[in-house]
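Here's the structure, in structure tokens; my notes come after.
The analysis underlying the following values was restricted to heavy atoms, covering all of them including side chains, and did not include hydrogens, waters or symmetry mates. For reference, positions follow the sequence shown, starting with 1.
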Amino acid sequence: MKRALPFLMVFCLMLSLCACGGKTEQPDDSGNSAANGGADTVNSDAASAAAPLSPVDGMRVALIPGAADDPLYAAAKSGAQSYAAQWGLELRCADELGQTAAIQQAMDEGVSAICVASDDVPALRDKLREATDAGICVCTWGADTASDVRALAVSEGTASVLSSMLVEMGVTSLREREKDVSEEILYIWNASQEDNAETKAWYAAAKEYIRDNYPAWVEYDGPYYADGESGGAVAAGQRALEECPGVDLVLCGDPAALTGMCHAAMDMGMTAADVTITGFCQPSSMLAYLSAGVCTRWGLWDCGMQSAMSCYLAAWLAAGNEVHVGEVVNIPLIGSVELLANSILDPEAETRPVNSGVVMLPERVVFTAENARDYHF
């Protein structure tokens with residue numbers, strides 16, 4: 001990817017000179033005002049460039065995962081680091097610490113912003129509120145927290161977008177089995193946690209999408225959840241397949257549910273010719289089931305781009321910029337994104353007048369035998 005056009009480099013140099021002359025704000029290429037963050041210099045070749053690489057050049061951002069040993073986080077970290085190097089951001093990754101400790105460390109180091117895939121628990125919300133009270137901009141990616149303790153959330157998609165993607169992946173695979181999707185299709189919804197708000201929203205949206213687009217389909221006996229099931233996701237998958245013989249389609253709302261269901265099907269000697277299983281998961285965890293012919297299609301999103309977007313937006317806000325719902329921000333190397341109200345994810349969430357809301361990831365990925373091995377996470 002190109003770092004910048006010559007015109008943009010000249011423009012950024014002018015912006016830097018204006019900031020050094022005492023004028024703290026100039027329009028950036030998004031049409032909003034941008035301020036020079038004045039943060040510590042990055043320890044990279046980019047730091048020695050004659051002009052800033054972007055409006056966030058030189059700022060420090062703490063990237064905090066949900067679980068450091070999660071393959072998704074490894075991909076998110078790698079992607080964020082790649083983009084950050086091109087933007088001139090200094091990225092701090094506290095992989096060995098829990099989230100609360102990592103936030104405290106970020107505060108102690110005086111970072112400009114914190115980007116977190118948040119465990120939405122009271123102790124963490126309190127710590128994030130402490131960080132915002134200390135003047136640190138907080139944004140989330142992947143897993144959100146209460147909207148009053150962060151500025152922006154970068155979401156992989158709304159419940160309607162993701163649920164329709166999930167159903168349509170199933171439709172494509174059913175058609176490959178020469179199933180007539182306009183006729184009765186017996187399906188199961190499978191997920192790991194019953195009390196997960198995101199999973200509940202996806203389930204409700206999927207039911208609505210099926211009702212509107214495939215009215216002949218029939219759901220068998222409500223959702224199957226792995227929590228509380230002895231043996232976890234695999235046992236829950238086995239029970240679902242045993243209790244619903246002849247099921248055509250299993251829709252899995254999260255990676256644990258998908259891999260558990262595929263494992264159960266494989267143990268029972270079933271393949272994609274017997275039942276269509278699809279859901280969301282990183283490709284590396286599904287390659288064995290792809291090779292075994294248990295699952296032929298599943299999806300996810302570019303978590304590296306997602307975490308990078310959160311880092312950029314957090315630093316951009318920390319630099320003194322403001323954005324309101326309905327306005328557009330240009331993220332170099334990625335493109336323009338629109339700020340949406342928090343209610344797009346949670347109907348009960350409030351949106352503050354400025355620097356509060358949700359930005360959507362611009363694209364998602366469907367994995368098949370043709371492309372799954374091209375992704376290394």
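- Put simply, the side chain of Ser118 never gets that close to the backbone of Ala143: no donor and acceptor are under 3.5 Å apart.
- Gln86 contributes a side-chain N or O that, together with a main-chain N or O of Ser82, makes up a donor-acceptor pair within less than 3.5 Å.
- Between Asp148 and Arg125 there is no salt bridge, since no side-chain N of the basic residue sits under 4.0 Å from a carboxylate O of the acidic one.
- Residue Leu249 holds its CG atom at 5.0 Å from CG of Leu174, rounded to the nearest 0.5 Å.
- A donor-acceptor contact shorter than 3.5 Å is absent between the side chain of Trp141 and the backbone of Met309.
- Using a 4.5 Å cut-off between side-chain heavy atoms of Ile, Leu, Val, Met, Phe, Trp and Tyr, with links allowed through other members, Val171 and Val366 fall into the same hydrophobic cluster.
- A salt bridge is absent between Glu350 and Arg352; no separation between the charged side-chain nitrogens and carboxylate oxygens falls under 4.0 Å.
- Taking the six-membered ring where the residue is Trp, the centroids of Tyr83 and Tyr312 are separated by 6.0 Å or more.
- Considering only heavy atoms from C-beta on, Arg150 comes within 4.5 Å of Asp144 through its side chain.
- To the nearest 0.5 Å, atoms CE (Met169) and OG1 (Thr278) are separated by 4.0 Å.
- Proximity of Val365 to Glu363: side-chain heavy atoms (C-beta onward) are nowhere separated by under 4.5 Å.
- Residues satisfying the side chain to side chain contact (heavy atoms under 4.5 Å, CB included) criterion with Glu242, sequence neighbours excluded, are Gln238, Met268.
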**Message:** Before you tell me yes or no, could you show the steps for Val149 and Thr132 under side chain to side chain contact (heavy atoms under 4.5 Å, CB included), namely the whole-Å CA-CA distance, both residues' side-chain angles and the distance that decides it to 0.1 Å?
**Reply:** CA-CA 7 Å; Val149 299; Thr132 57; 5.5 Å; no
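- The structure places OH of Tyr187 at 12.5 Å from OH of Tyr214, a figure rounded to the nearest 0.5 Å.
- Rounded to the nearest 0.5 angstrom, Leu91 CG and Lys77 NZ are separated by 9.0 Å.
- A donor-acceptor pair is defined here as one N or O able to donate and one able to accept, closer than 3.5 Å; such a pair exists between the side chain of Arg364 and the backbone of Glu156.
- Between Phe280 and Trp301, the ring planes lie tilted relative to each other; the angle falls in the 30° to 60° range.
- If you chain together hydrophobic residues whose side chains sit under 4.5 Å apart, Ile103 and Leu63 never meet in one group.
- In this structure the side chain of Val294 never reaches within 4.5 angstrom of the side chain of Met270, judged on heavy atoms.
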**Request:** Could you walk me through whether Gln81 and Cys93 pass side chain to side chain contact (heavy atoms under 4.5 Å, CB included), step by step?
**Result:** CA-CA 10 Å; Gln81 288 174 325; Cys93 302; 4.3 Å; yes
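- Residues Phe377 and Pro283 form a side-chain contact, since some pair of their non-hydrogen atoms from C-beta on lies under 4.5 Å apart.
- Note on Leu313 and Val138: separate hydrophobic clusters, where clusters join Ile, Leu, Val, Met, Phe, Trp and Tyr whose side-chain heavy atoms are under 4.5 Å apart, directly or indirectly.
- Using the six-membered ring where Trp is involved, Tyr289 and His263 have ring planes that are tilted, between 30° and 60° apart.
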**Request:** Walk me through it: do Ser356 and Asn342 pass the test side chain to side chain donor-acceptor pair (under 3.5 Å)?
**Result:** CA-CA 7 Å; Ser356 177; Asn342 288 314; 3.1 Å; yes
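- Thr368 and Glu370 form a side-chain donor-acceptor contact under 3.5 Å, judged by distance and modelled atom types alone.
- The shortest distance between side-chain heavy atoms of Val359 and Leu340 does not fall below 4.5 Å.
- Relative ring orientation between Phe367 and Tyr375 is described as perpendicular, the plane-to-plane angle rising above 60° on a 0-90° scale split at 30° and 60°.
- A donor-acceptor contact shorter than 3.5 Å links the side chain of Arg60 to the backbone of Glu109.
- Transitive grouping of hydrophobic side chains (ILVMFWY, heavy atoms separated by less than 4.5 Å) brings Val56 and Ile334 into a common cluster.
- Atom-to-atom distance recorded for Ser164:OG and Asn213:CG is 8.5 Å, nearest 0.5 angstrom.
- Although no hydrogens or angles enter the test, the distance criterion places a donor-acceptor pair under 3.5 Å between the side chain of Asn355 and the main chain of Val323.
- Nearest heavy atoms, Cys281 versus Leu258: CB-CD2, 3.6 Å.
- Side-chain N or O atoms of Asn371 include none that pairs as donor or acceptor with a backbone N or O of Asp374 at under 3.5 Å.
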**Message:** side chain to side chain donor-acceptor pair (under 3.5 Å), that's the test. Do Asp108 and Gln104 meet it? Break it down for me.
**Reply:** CA-CA 6 Å; Asp108 294 341; Gln104 183 61 56; 2.8 Å; yes
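- Closest non-hydrogen pair, Ala240 versus Ile188, comes out as O-CD1, 3.8 Å.
- Here OG1 of Thr158 is found 5.5 Å from CD1 of Ile344. Values are rounded to the nearest 0.5 Å.
- Counting heavy atoms from C-beta on, the side chains of Gln306 and Val154 come closer than 4.5 Å.
- Residues Leu166 and Trp202 have side chains not in contact (no heavy-atom distance under 4.5 Å, counting atoms from C-beta outward).
- Remark: side-chain polar atoms of Ser78 are not paired, donor with acceptor, to backbone N or O of Ala74 under 3.5 angstrom.
- Taking both residues in full, the closest heavy atoms of Thr271 and Gly293 are given as CB-O, 3.4 Å, listed atom of the first, atom of the second, then distance.
- Not one N or O on the side chain of Arg129 forms a donor-acceptor pair closer than 3.5 Å with the backbone of Leu124.
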**Request:** Please assess Ile185 against Ile210 for the test side chain to side chain contact (heavy atoms under 4.5 Å, CB included), listing each intermediate value before the final yes or no.
**Result:** CA-CA 10 Å; Ile185 295 292; Ile210 290 171; over 6 Å; no
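- The backbone N or O of Leu186 sits less than 3.5 Å from a side-chain atom of Asp248, completing a donor-acceptor pair.
- Taking the side chain as every heavy atom from C-beta outward, Cys311 and Leu89 approach each other to under 4.5 Å.
- A donor-acceptor pair shorter than 3.5 Å cannot be found between the side chains of Thr172 and Arg297.
- A donor and an acceptor atom, one from each side chain of Thr296 and Arg177, are nowhere located under 3.5 Å apart.
- Taking both residues in full, the closest heavy atoms of Ala159 and Ala205 are given as O-CB, 3.6 Å, listed atom of the first, atom of the second, then distance.
- Taking all atoms of both residues into account, the shortest heavy-atom contact from Ala226 to Ala236 is CA-CB, 3.8 Å.
- Linking Ile, Leu, Val, Met, Phe, Trp and Tyr residues whenever their side-chain heavy atoms come within less than 4.5 Å places Trp87 and Met59 in a single cluster.
- Counting only N and O atoms by type, the side chains of Tyr220 and Glu243 include no donor and acceptor under 3.5 Å apart.
- The residues Glu219 and Lys207 are annotated as salt-bridged, a charged nitrogen and a carboxylate oxygen being separated by less than 4.0 angstrom.
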**Request:** Mind running side chain to side chain contact (heavy atoms under 4.5 Å, CB included) on Arg373 and Leu290 for me, showing each step along the way?
**Result:** CA-CA 10 Å; Arg373 292 177 177 84; Leu290 178 66; 3.7 Å; yes
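- Looking at every heavy atom in both residues, Asp57 comes nearest to Gly88 through OD1-CA, 3.2 Å.
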